Amino acid sequence: MVKKQIENFDLEQICNSGQCFRMKKLAENKYRIIVGARYLDVYQKDGESIFYCSLEEFTEVWEEYFDLKRAYKLYIEKINPKDTYLVNAAKLGGGIRILKQDLWEMIVSFLISQQNNIVRIRRCIENICREYGEEKITASGEHYYAFPKAEAFACLEEDDLKACNLGYRSKYVVRAAKAVVAGEIDLQAIEKMKYAKAKEELLKIFGVGVKVADCICLFGLHHLEAFPVDTHINQALEKHYKRGFPKRRYKGFEGVLQQYIFYYELFGEKTE
DNA sequence: TAACAGGGACGTA
DNA sequence: TACGTCCCTGTT
């Protein structure tokens, strides 16, 4: 078990930010996250985080995964103080960090996310993990499922995942899996690309549009300059940034601010 | 009961 | 560029 005081790190906010669909709030101050084939419980209260793992695992896996070495405070400090909307957004969602998640997992997750709500996205992902993911057992004897590899979907018919509630998105996931297994999509190559090139490559995947590509870039490749625009963000931009969001000022970490805005739109005070 | 919207994208025109 | 359609579920 590892105990740490960490600024700008709030698992409740990260849960609600919708970047990770396999993190759950178990009870007050208690969170559980499944990453690939790994599993972690975290207790978090009053700025103190307790990670239920060895110090080794913490430094090798989780510190990286939660992006804990990065000082998000520096981003927040760069916000234009005259921009009260963004200042308030960062005040509310300042505990969000951009997780370093698995590329394949993000491709599938955000293919499923389209025209869908978070509760149902979670269920869809639980379903495909249960059906196609490898079953694991923790040291304490709890069962969980790893996220399915592309190979697990590649042999399916395009509509087979409708049984997991994916609806018309089933064929997107199956086709993407086939393309990965066939080598038409090279995940390792995409991981080495810069943002613009990676996005271009992701857009070739059937079912991936501009918004989903940006989500994959931000959450699966940690390109912090990716700025996904969905309906919520679009509304916020129309309301508060009629002349456009000042991307130049925030060059290189637009995606972090996108998360603050998104979170603020969903959970902030409604000041209509 | 029916209509609608929910972190879009595709195909067609 | 615009618009209908895709599937499912919770909400009104």
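Here the structure is a predicted model, which means the values were calculated and not measured. Sequence lines set the chain letters: A, B, ... in the order given, protein chains first and strands last, and positions in each chain run from 1.
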### Task
Scan Cys215(A) against the nucleic acid and name what it touches under 4.0 Å (heavy atoms): base, sugar-phosphate only, or nothing.
base
### Message
Are Tyr72(A) and Phe253(A) an aromatic pair, judged by ring center distance below 6.0 Å?
### Response
no
### Task
Take atom P in dA5(B) and the same atom in dC3(C), then report the distance between them in whole Å.
16 Å
Identify each atom pair where a protein N or O and an N or O of nucleotides 9-13 of chain B are less than 3.5 Å apart, giving names and distance.
| unit_1 | atom_1 | unit_2 | atom_2 | d |
| --- | --- | --- | --- | --- |
| dA9(B) | OP1 | Gly209(A) | N | 3.0 |
| dA9(B) | OP1 | Gly209(A) | O | 3.3 |
| dA9(B) | OP1 | Val212(A) | N | 2.9 |
| dA9(B) | O4' | Gln114(A) | OE1 | 3.2 |
| dC10(B) | OP1 | Gly207(A) | N | 3.0 |

### Task
Sticking with atom P, work out how far dT1(B) lies from dC7(C), rounded to a whole angstrom.
23 Å
### Query
Is Ile121(A) touching bases, backbone alone, or none of the nucleic acid, heavy atoms closer than 4.0 Å?
nothing
### Query
Between Asp230(A) (CG) and dG8(B) (C1'), how many Å, whole number?
10 Å
### Message
Connecting only ILVMFWY residues whose side-chain heavy atoms lie within less than 4.5 Å of each other, what is the rest of Phe51(A)'s hydrophobic cluster?
### Response
Val2(A), Ile6(A), Phe9(A), Leu11(A), Ile14(A), Met23(A), Tyr31(A), Ile33(A), Val35(A), Leu40(A), Val42(A), Leu55(A), Phe58(A), Val61(A), Trp62(A), Tyr65(A), Phe66(A), Leu68(A), Leu99(A)
### Task
Show your working on side-chain hydrogen bond (donor to acceptor under 3.5 Å, both in side chains) between Arg130(A) and Asn127(A) and close with a plain yes or no.
CA-CA 5 Å; Arg130(A) 192 178 54 250; Asn127(A) 291 341; 3.0 Å; yes
### Query
NZ of Lys30(A): more than 12 outside heavy atoms within 6.0 angstrom?
no
### Task
Represent DNA chain C in dot-bracket notation, 5' to 3'. Only Watson-Crick or G-U wobble pairs with both distances under 3.5 Å count; pseudoknot-style crossings use [ ] and interstrand partners use |.
||||||.|||||
### Those residues that, when tested against Tyr260(A), pass ring-ring contact (aromatic ring centres under 6.0 Å, His included) (two or more places apart)
none
### Query
Hey, do the aromatic rings of Tyr172(A) and Phe206(A) have their centres closer than 6.0 Å?
yes
### Query
Between Lys171(A) and Asn117(A), which is nearer to the 5' end of DNA chain C once each is assigned its nearest nucleotide?
Lys171(A)
### Query
5' to 3' on DNA chain C, which nucleotides open and close the contacts with chain A (atom under 4.0 Å from a heavy atom)?
dC6(C) to dG10(C)
### Message
Using every non-hydrogen atom in the two residues, find where Gln19(A) and Gln101(A) come nearest and quote the distance to one decimal.
### Response
O-NE2, 2.7 Å
### Task
Check the angle between the aromatic planes of Trp104(A) and Phe153(A) and answer parallel, tilted or perpendicular using the 30° and 60° thresholds.
tilted
#### Entry: Contact residues, residues 9-26 of chain A to DNA chain B [heavy atom, < 4.0 Å]
Ser17(A), Gly18(A), Gln19(A)
### Side-chain ion pair, Lys162(A) and Asp159(A), N-O less than 4.0 Å
yes
### Message
Rounded to whole Å, how long is the line connecting atom CZ of Arg120(A) with atom C1' of dG8(B)?
### Response
13 Å
### Message
Do Tyr195(A) and Leu224(A) have side chains that approach each other closer than 4.5 Å (heavy atoms only, starting at C-beta)?
### Response
no
### Task
Provide, to the nearest angstrom, the distance between the CD atom belonging to Gln235(A) and the P atom belonging to dG6(B).
8 Å
### Summary
NE2 (His222(A)) and SG (Cys217(A)) are apart, to the nearest 0.5 Å, by 12.5 Å
### Task
Report the distance from atom CG of Leu237(A) to atom CD1 of Ile261(A), rounding to the nearest 0.5 Å.
6.0 Å
### Query
What's the shortest heavy-atom distance between Met1(A) and Ile50(A), and which atoms?
CG-CG2, 3.7 Å
### Query
Arg123(A) near the nucleic acid: base, sugar-phosphate alone, or nothing, with a heavy-atom cut-off under 4.0 Å?
sugar-phosphate
### Task
Write down the distance separating the C1' atoms in dT1(C) and dG7(B), rounded off to the nearest Å.
23 Å
### Message
Output the rounded distance in Å from CE (Met106(A)) to C1' (dG7(B)).
### Response
14 Å
#### Entry: Distance, rounded to the nearest Å, where Ile125(A) contributes CD1 and dG7(B) contributes P
14 Å
## Note on the structure
One should read off an interatomic distance between Tyr145(A) OH and Glu135(A) CD, to the nearest 0.5 angstrom, of 4.0 Å
